[in-house]
Amino acid sequence: MPESESQVLASYGIEAQTANPPSQPCVMVIFGASGDLTKRLLVPALYNLACDGLLADNFAMLGYARSEMTNEAFRAQMTEDIKKFHTRQEFDQEVWNNLVSRFYYMSGGYDQANFQKLKAEVANLSSQHNTSGNILFYFAVAPRFFGPICDNLHQAGFREGSGWKRIIVEKPFGTDLESALKLNEEVLAHWNENQIYRVDHYLGKETVQNLLAFRFSNGIFEPLWNKNYIDNIQFNVSEEVDVGSRGGYYDSSGVLRDMMQNHMFQMLAYLCMEQPGSFEPDAIRNEKAKLLQAVRVYTPDEVARYVVRGQYGPRADEAGKVTKPGYRQEKDVPAESKTETYAAARFQIDNWRWEGTPIYLRSGKALWKRGTEIVVEFKKPPQAMFNGTAVPQLHPNRLIFHIQPYQGIEMQFQAKVPGPTLQLQPVNMRFSYADAFKASRYTGYEVMIYSCSHGDATLFSRGDLVEAAWRAAQPLLDYWTATPAENFPNYERGSWGPKEASDLIERDGRRWFEVVTDGLLKRVALFQDGDMLFLSQVIQALRPKMVGADETIIRKGEIGREMYLLARGEVEVLDDSGKVVKVLKDGDFFGEVALLMSTPRMANVRTRTSCDLFVLDKTDFNRILHDHPQFAQSVMKIAKDRYSVK
Ligand code: BG6
């Protein structure tokens with residue numbers, strides 16, 4: 001092995017092997033056990049814990065729901081479901097048999113008589129499995145049951161006796177500020193805050209937990225973590241999935257309640273909060289609460305200026321036939337629904353650290369890609385020193401947290417392109433979880449159940465935190481109720497979202513940073529056979545641009561400074577008389593001839609529909625051509641066919 005390679009490998013540490021103790025003994029009672037969450041996530045999480053030796057031997061799970069079922073039938077159902085929903089490469093029958101033999105079921109409603117029976121059953125399981133009276137209640141039911149269950153548990157005497165009693169509450173915790181306050185009141189009527197564990201499954205994600213490790217265990221970033229060095233921060237949760245069979249729930253929710261007020265605000269708090277004094281749960285949660293309390297509560301005018309919403313419309317084929325429904329055609333969604341499936345917002349944190357630093361959030365369903373990323377964009381150095389060189393402009397340094405599906409952290413900076421003159425190219429340093437650690441097969445719920453059993457509330461939301469998040473979200477809900485959207489649907493399924501979202505950030509002289517993977521780039525025919533080096537150079541150079549319908553992008557006779565890749569939409573190429581000579585669609589490109597041949601633009605190009613475009617600037621184009629002459633050939637070949645260029 002050459003020396004340079006051996007040195008690089010030597011810088012990797014050996015993964016620390018710390019033996020984690022198993023969860024604490026307990027009986028786990030799942031309310032709503034016949035629902036989706038239990039089979040899809042909770043039972044697979046228990047199974048993962050068991051496989052990894054992290055589930056106490058003294059453990060039993062009691063499923064509780066209205067449907068009638070025997071213990072045996074419940075076990076048989078779970079055994080069938082786990083085959084579908086387990087997340088490991090191999091299924092370990094022995095571990096499963098051992099686990100499922102500790103599953104029990106009880107049917108009943110949410111009234112006192114049934115809870116007396118429940119009390120007797122739990123006491124029975126507790127002595128049978130020697131769980132020291134510890135009970136973990138999991139509320140996998142609709143929020144309207146949270147209060148009544150808490151009351152009934154209290155009245156049935158569950159608070160008394162030895163052992164701890166803890167309650168995990170699923171989201172959504174309220175549908176607005178008022179309902180969240182009421183829910184907190186109901187839940188806390190008989191139980192203490194330190195017994196209530198409000199789930200936000202984003203906090204169970206390794207990559208989200210790592211935000212804290214990254215910020216506070218590395219000395220080089222914290223000094224830069226403020227308004228003096230950071231220009232803006234972008235949180236992006238882009239989902240390719242639509243609302244599927246959840247239209248009924250989703251229509252009363254929308255993306256603000258479903259993603260932003262909870263998952264995204266949690267990430268925001270982790271990324272932007274002050275340093276906690278320790279890793280104690282309340283030390284961290286105090287700082288998160290302070291941060292969320294500092295998010296500016298917008299006036300209606302500010303909502304109108306800083307927030308945009310969207311709803312996806314259908315996707316049609318070339319003949320205009322709808323191939324996939326829009327939101328309003330989804331099951332259980334009203335035909336005139338005004339519910340937003342997309343939102344983009346600029347928030348402001350009014351504290352010493354962040355005053356004046358825009359915090360952008362955007363999320364939506366039925367978009368072009370799945371990807372959750374946080375982009376921290378640093379301030380640019382002064383350009384003046386580079387005047388007179390071949391560097392047209394400097395790019396900002398960016399730190400990108402890839403939360404999912406790709407998991408890693410990337411630092412973008414500029415490097416000198418090898419050669420006799422000073423030219424720069426953005427490059428990256430990348431840490432990938434898959435390269436550094438054994439891949440985690442967890443669903444995210446393992447750590448929730450495990451931490452709760454140990455009384456560690458770090459990963460759960462506290463009452464005041466939830467309220468602070470609702471306080472910041474409430475003006476958006478109010479404004480949207482007062483001024484229902486007139487332009488829905490306003491983005492096509494499979495697109496980048498509504499054009500208003502890119503206008504929002506462009507008004508500030510910035511743009512959304514799009515994480516483009518080689519897989520996404522390969523959707524464009526031109527790049528299908530590209531090797532990694534080539535693709536990564538292209539990815540670094542691309543600039544996303546959204547353009548509305550009927551806009552001229554290229555004018556005949558002008559000097560070309562960029563070429564365009566059409567990710568989605570249609571453009572038409574027009575001759576001198578304004579006649580359409582060609583229509584270009586998803587995956588096509590245009591504007592290349594003027595760059596290849598240094599001639600003025602040969603035709604006008606106008607958008608027919610709204611378009612999602614990638615722009616490749618002339619300097620980047622030339623550099624890539626220089627390193628990859630075969631790229632020039634493929635572009636030239638297509639250009640020749642298209643324009644009869646000799
Ligand atoms: C859930 C939302 O809380 O989070 C869903 O209700 C959303 O609508 C999901 O799809 C996203 O979670 P993840 O882990 O897939 O990013």
Side-chain angles (χ1 to χ4, degrees), residues 32 35-42 44-45 48 85 87 138-143 168-176 180 197-211 235-268 270 309-312 327 330-333 337 339-343 361-374 401-408 433 439-449 459-461 466 469-470 473 493-494 497 515:
D36 230 35
L37 186 80
T38 307
K39 65 178 183 207
R40 277 181 188 277
L41 292 160
L42 297 182
N48 278 338
F85 298 118
T87 57
Y138 201 112
F139 290 8
V141 289
I168 299 187
V169 186
E170 258 300 323
K171 72 153 237 193
F173 200 85
T175 52
D176 56 13
Y197 292 69
R198 295 172 193 77
V199 168
D200 187 306
H201 82 276
Y202 261 64
L203 296 178
K205 293 184 191 289
E206 281 295 339
T207 41
V208 174
Q209 292 171 43
N210 191 46
L211 293 174
F235 293 78
N236 176 35
V237 181
S238 171
E239 294 195 281
E240 220 173 339
V241 291
D242 52 28
V243 297
S245 57
R246 300 167 72 222
Y249 149 76
Y250 198 87
D251 203 60
S252 60
S253 171
V255 75
L256 180 69
R257 293 184 172 101
D258 191 50
M259 295 298 299
M260 281 195 175
Q261 180 276 342
N262 39 50
H263 307 323
M264 297 188 80
F265 275 14
Q266 292 288 343
M267 293 194 285
L268 167 75
Y270 265 4
R309 57 193 148 156
Q311 186 191 74
Y312 64 87
Y327 176 69
E330 301 279 18
K331 188 168 165 284
D332 300 329
V333 173
S337 172
T339 300
E340 84 290 352
T341 60
Y342 180 102
L361 267 61
R362 65 181 166 142
S363 178
K365 294 230 181 262
L367 295 172
W368 68 303
K369 64 158 194 182
R370 172 174 181 237
T372 299
E373 304 100 19
I374 304 171
F401 297 91
H402 296 272
I403 305 293
Q404 65 183 29
Y406 174 72
Q407 304 190 333
Y433 274 79
S440 162
R441 301 189 192 95
Y442 279 11
T443 63
Y445 277 80
E446 295 78 0
V447 65
M448 299 282 175
I449 297 168
L459 300 180
F460 296 87
S461 215
V466 175
W470 276 120
R493 171 195 275 276
V515 171

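Order of listing sets the numbers, starting from 1, for every ligand and every atom in it.
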Top protein contact for [atom], by heavy-atom distance:
atom                    : value
atom 11 (C) of ligand 1 : E239 OE2, 3.6 Å
atom 15 (O) of ligand 1 : Q404 NE2, 3.9 Å
atom 12 (O) of ligand 1 : H201 NE2, 3.1 Å

Roughly how far apart are [X] [atom1] and [Y] [atom2], rounded to 0.5 Å?
X    : Y    : atom1 : atom2 : result
T341 : L256 : OG1   : CG    : 12.5 Å
L203 : S461 : CG    : OG    : 7.0 Å
Y250 : Y327 : OH    : OH    : 7.0 Å

Within the 4.0 Å heavy-atom shell around [X], which atoms of ligand 1 are there?
X    : value
K171 : 1 (C), 2 (C), 3 (O), 6 (O)
K205 : 13 (P), 14 (O), 16 (O)
K365 : 5 (C), 7 (C), 8 (O), 10 (O)
D258 : 2 (C), 5 (C), 6 (O), 8 (O)
H263 : 1 (C), 3 (O), 4 (O)
R246 : 2 (C), 5 (C), 6 (O), 8 (O)

Checklist line | Lys/Arg N to Asp/Glu carboxylate O, E340 vs R257, below 4.0 Å | finding: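 So E340 does not pair with R257 through a salt bridge.
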
Notebook entry, point to check: Between K369 and E240, is the closest basic N to carboxylate O distance under 4.0 Å?
Noted result: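 Looking at E240 and K369, the cut-off is not met.
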
Next item on the list: Let me see the working for K171 and D200 under salt bridge (Lys or Arg N to Asp or Glu O under 4.0 Å), right down to the final yes or no.
Entry: CA-CA 7 Å; K171 72 153 237 193; D200 187 306; over 6 Å; no

Item checked: Within reach of ligand 1, part of Y202 (heavy-atom separation under 4.0 Å) ->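 Y202 to ligand 1: side-chain contact only, backbone stays beyond 4.0 Å.
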
Check: Do the rings of H201 and Y445 sit parallel, tilted or perpendicular, given the 30° and 60° boundaries?
Finding: parallel

Margin query: Angle between ring planes, Y202 versus H263, binned at 30° and 60°: parallel, tilted or perpendicular?
Written below: parallel

Check: With only distance considered, is R370 within less than 3.5 Å of ligand 1 through an N or O on each side?
Finding: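 No, R370 has no N/O under 3.5 Å of an N/O on ligand 1.
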
